[in-house]
Amino acid sequence: MRLGEALQQRHRVQGRVRRTAVTVACAVPAVRERMPALADLPQLTVTCSDTAAGDRMVAKYDGARSGVPRRLAVSVLTLPDSLEDYLRGRSKQALRTNSRRAREAGVTCRRMGRVEAEVRITALLRARDEEELLPGVRADLLDGVVQAWVARDADDATEVIALTSVDGAFARLDLMLSAPDREAGPARYLLSSHLVGELIQRGVRHLAVDTALWLDAGLRHFQRLLGFEPTTLEFTRGGAGDVPPDDGPFPTPRISSGPLPVPAAVGSAS
């Protein structure tokens with residue numbers, strides 16, 4: 001695409017975003033006060049593969065909730081070239097500190113196979129009284145479209161569960177849930193760091209969740225500490241994608257149990 005055509009396309013996208021923001025702000029009182037920020041959000045064009053995984057990824061951001069497009073104000077984390085780069089800086093102090101506390105308490109993180117994932121997630125959702133999520137989770141695990149991750153304590157009790165899906169350089173955090181009595185604990189920070197390191201190694205450049213407009217203040221704050229920013233998504237299609245099945249070939253899991261890599265500029269006290 002030539003430069004002039006690219007600029008025209010960008011202007012068209014920006015125009016659609018502004019019109020959508022104004023429409024949403026008028027129709028949905030809950031987001032009216034955020035309308036100026038919505039109109040000026042950064043935009044990210046995501047190329048999804050012509051595969052079932054690409055279809056699923058696009059579908060996750062199709063449609064609307066209460067009149068708000070699902071692709072508007074999506075929480076997106078831009079991944080650097082290494083985990084060391086991700087952990088660098090004052091803004092990641094809380095992430096480093098809480099990850100260290102989790103490690104000191106004996107928490108470790110690793111990827112799970114499908115069978116273990118179904119067992120742990122089923123128990124967790126029942127403990128949280130959220131069993132309505134089980135059919136969708138089981139279907140995703142059976143189809144091999146998600147990867148399952150666990151943060152567990154020294155006694156092998158589940159602290160946090162996460163599900164991710166990947167299509168090329170774009171990934172989605174489909175689920176992250178803590179055990180009912182451990183929601184305020186530091187394990188979710190350690191698992192988040194572990195996921196970032198694994199996704200970087202796989203070549204992922206962006207990790208997205210859902211629109212941030214409906215999140216409570218606590219979860220928005222947690223996402224900001226991790227580096228997520230509200231972003232409007234646009235999707236294009238093309239390419240073969242890169243989505244190996246969840247259960248095979250299944251590599252020996254990397255376990256986050258020792259200290260995370262610490263950039264030289266951070267210092268060991270972090």
Side-chain angles (χ1 to χ4, degrees), residues 1 6 9-32 34-35 37-79 130 132-148 162-177 199 204-216 219-220 223 228-243 245-246:
M1 182 183 293
Q9 175 66 18
R10 181 176 181 179
H11 290 156
R12 285 195 293 269
V13 171
Q14 289 176 334
R16 287 200 301 271
V17 171
R18 290 180 181 276
R19 290 193 296 273
T20 299
V22 171
T23 301
V24 169
C26 292
V28 184
V31 300
R32 184 174 298 146
R34 303 178 193 174
M35 190 274 285
L38 291 179
D40 294 326
L41 285 177
Q43 291 118 41
L44 173 67
T45 299
V46 178
T47 300
C48 287
S49 64
D50 294 322
T51 65
D55 293 342
R56 178 182 182 275
M57 192 70 76
V58 173
K60 289 293 183 181
Y61 297 100
D62 272 348
R65 174 186 171 188
S66 300
V68 179
R70 296 185 186 275
R71 62 179 177 80
L72 182 66
V74 173
S75 295
V76 176
L77 176 63
T78 300
L79 303 185
E130 296 179 6
E132 71 277 3
L133 299 178
L134 272 175
V137 168
R138 283 172 171 162
D140 284 344
L141 289 170
L142 184 62
D143 292 342
V145 296
V146 293
Q147 298 81 51
L163 295 177
T164 59
S165 52
V166 178
D167 185 54
F170 188 77
R172 172 180 164 84
L173 181 60
D174 291 278
L175 184 74
M176 179 176 274
L177 292 175
L199 292 172
V204 171
R205 305 306 299 173
H206 295 94
L207 173 63
V209 195
D210 285 314
T211 177
L213 295 176
W214 306 112
L215 297 180
D216 61 59
L219 190 48
R220 285 202 305 271
Q223 289 186 354
F228 284 87
E229 296 182 350
T231 304
T232 294
L233 301 180
E234 291 287 329
F235 289 92
T236 61
R237 303 303 297 271
D242 177 22
V243 186
D246 186 47

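Residue numbers run from 1 in the order of the sequence given.
When side chains are defined from C-beta on, Leu141 counts as touching Val146, because their heavy atoms get closer than 4.5 Å. Between Asp140 and Leu163 there is no side-chain heavy-atom pair separated by less than 4.5 Å. Residues Thr236 and Thr47 form a side-chain contact, since some pair of their non-hydrogen atoms from C-beta on lies under 4.5 Å apart. Thr78 places a side-chain heavy atom less than 4.5 Å from the side chain of His206. The shortest side-chain heavy-atom distance between Tyr61 and Asp210 falls under the 4.5 Å cut-off.
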Step-by-step salt bridge (Lys or Arg N to Asp or Glu O under 4.0 Å) determination, Asp55 to Arg237 | CA-CA 9 Å; Asp55 293 342; Arg237 303 303 297 271; 2.6 Å; yes
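Partners of Glu130 according to the salt bridge (Lys or Arg N to Asp or Glu O under 4.0 Å) rule, which considers only residues two or more places apart in sequence or in another chain, are Arg128. For Asp143, the side chain to side chain donor-acceptor pair (under 3.5 Å) criterion is met by no residue, not counting sequence neighbours. Partners of Arg70 by salt bridge (Lys or Arg N to Asp or Glu O under 4.0 Å), not counting sequence neighbours: none found. When the side chain to side chain contact (heavy atoms under 4.5 Å, CB included) test is applied to Thr164, the partners found at least two apart in sequence or on another chain are Gln147, Trp149, Leu173, Leu195. Every residue two or more places apart in sequence or in another chain was checked for a ring pair (Phe, Tyr, Trp, His ring centres under 6.0 Å) with Phe228, and none qualifies. In this structure Asp174 satisfies the salt bridge (Lys or Arg N to Asp or Glu O under 4.0 Å) test together with Arg56, Arg172, sequence neighbours excluded. Legend: residues meeting side chain to side chain contact (heavy atoms under 4.5 Å, CB included) with Leu219, ordered by chain and number and at least two apart, are Leu215, Asp216, Phe222, Gln223.
A donor-acceptor pair is defined here as one N or O able to donate and one able to accept, closer than 3.5 Å; such a pair exists between the side chain of Gln43 and the backbone of Leu41. Remark: the backbone N or O of Ser49 is paired with a side-chain donor or acceptor of Asp167 at under 3.5 angstrom. Between the side chain of Thr211 and the main chain of Leu72, a donor-acceptor pair closer than 3.5 Å is present.
Ala171 and Val204 get closest at one heavy-atom pair: CB-CG1, 3.7 Å. Taking both residues in full, the closest heavy atoms of Leu213 and Ala73 are given as CG-CB, 3.9 Å, listed atom of the first, atom of the second, then distance.
Considering CD of Glu229 and CG of Leu77, their distance stands at 9.0 Å, rounded to 0.5 Å. Atom CG of Leu207 and atom OG of Ser75 lie 10.0 Å apart (nearest 0.5 Å).
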